[in-house]
Amino acid sequence: GAGVSQSPSNKVTEKGKDVELRCDPISGHTALYWYRQRLGQGLEFLIYFQGNSAPDKSGLPSDRFSAERTGESVSTLTIQRTQQEDSAVYLCASSLGGYREQYFGPGTRLTVT
Amino acid sequence: AQSVAQPEDQVNVAEGNPLTVKCTYSVSGNPYLFWYVQYPNRGLQFLLKYITGDNLVKGSYGFEAEFNKSQTSFHLKKPSALVSDSALYFCATGGGGSYIPTFGRGTSLIVHP
């Protein structure tokens, strides 16, 4: 079946502009995660959705970052007033929930100029 | 709080030799442990996991990992390395009531022909 998809694959934006990143999880996966991966570094947790529960936003680095998910489907990560330090690969992952393994999308490479 | 340490930024091994990529963890209660692999320009892929049961876990591509509770380790191993195993490997841990895994910084595995 189809895996996790993300769009766009690449995004170049000017400092100060807003960007929206999209994630389509695997159908039936109740859990969805967003991570940030800076060049040469590990994964930085951003936000976690589980079904219809309130999301865990504890990893969002500032109030410029927000995310939404409609039910158990598509999620969007929005970064307002982008800064150069926001440049990174943004990864989305979904799972069946609990302590199950995650399935990752290919990521969106964001470059802020 | 949970944490994961991958003490080696890079591991070099000759093709055909056994390989080990190290991981130690700290979790309250029973840990859930994962290994993921990231090939160049591709997303992360799940390799294997330990939830409970046998301490030796077998996964994809001939990899295995050994859970050692007394040493709080979950080292990734393969009896005979292939050049195609060259990639970035991430250890992750969950548990202690949190469904948000913590990822290590990653270890770059380089297999020389």
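First the proteins, then the strands, lettered A, B, ... as listed; each starts at 1.
Clustering ILVMFWY residues whenever any of their side-chain heavy atoms sit less than 4.5 angstrom apart, transitively, puts B:W35 in the very cluster that holds B:F63. A:V89 and A:L110 fall into different hydrophobic clusters, where Ile, Leu, Val, Met, Phe, Trp and Tyr residues are linked whenever their side-chain heavy atoms come under 4.5 Å apart, directly or through other members. Both B:Y61 and B:L109 belong to a single network of hydrophobic side chains, linked directly or stepwise wherever heavy atoms of I, L, V, M, F, W or Y lie under 4.5 Å apart.
The structure places CZ of A:F45 at 3.5 Å from CD1 of B:I100, a figure rounded to the nearest 0.5 Å. Considering OH of B:Y36 and CZ of A:F104, their distance stands at 5.5 Å, rounded to 0.5 Å.
Heavy atoms of other residues, nucleotides or ligands lying less than 6.0 angstrom from CZ of A:R100 number 12 at most. Within 6.0 Å of CG in A:D18 there are more than 12 heavy atoms belonging to other residues, nucleotides or ligands. For CD of B:Q10, the number of neighbouring non-hydrogen atoms (other residues, nucleotides, ligands) closer than 6.0 Å is greater than 12. Residue A:Q83 qualifies as enclosed at atom CD: its count of foreign heavy atoms under 6.0 Å is above 12.
With a 4.5 angstrom heavy-atom cutoff, B:Q38 touches chain A only via side-chain atoms. The contact between B:I51 and chain A is made entirely by side chain atoms (from C-beta outward), counting heavy-atom distances below 4.5 Å. Heavy-atom distances place no part of B:T102 under 4.5 Å from chain A, backbone and side chain included. Contact annotation for A:E101: both backbone and side-chain heavy atoms come within less than 4.5 Å of a heavy atom of chain B.
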Exercise. Take A:Q37 and B:F90, measure what side chain to side chain contact (heavy atoms under 4.5 Å, CB included) needs, and give me the verdict at the end.
Key: CA-CA 12 Å; A:Q37 185 177 27; B:F90 290 95; 3.5 Å; yes
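Contact count against chain A (heavy-atom pairs under 4.5 Å) is highest for B:S98 among B:G43, B:G104, B:S98, B:A92.
Residues A:S95 and B:Y99 form no side-chain contact, since every pair of their non-hydrogen atoms from C-beta on lies 4.5 Å or further apart.
A parallel orientation is assigned to the rings of B:Y32 and A:Y99, their planes being inclined by less than 30° (bins at 30° and 60°).
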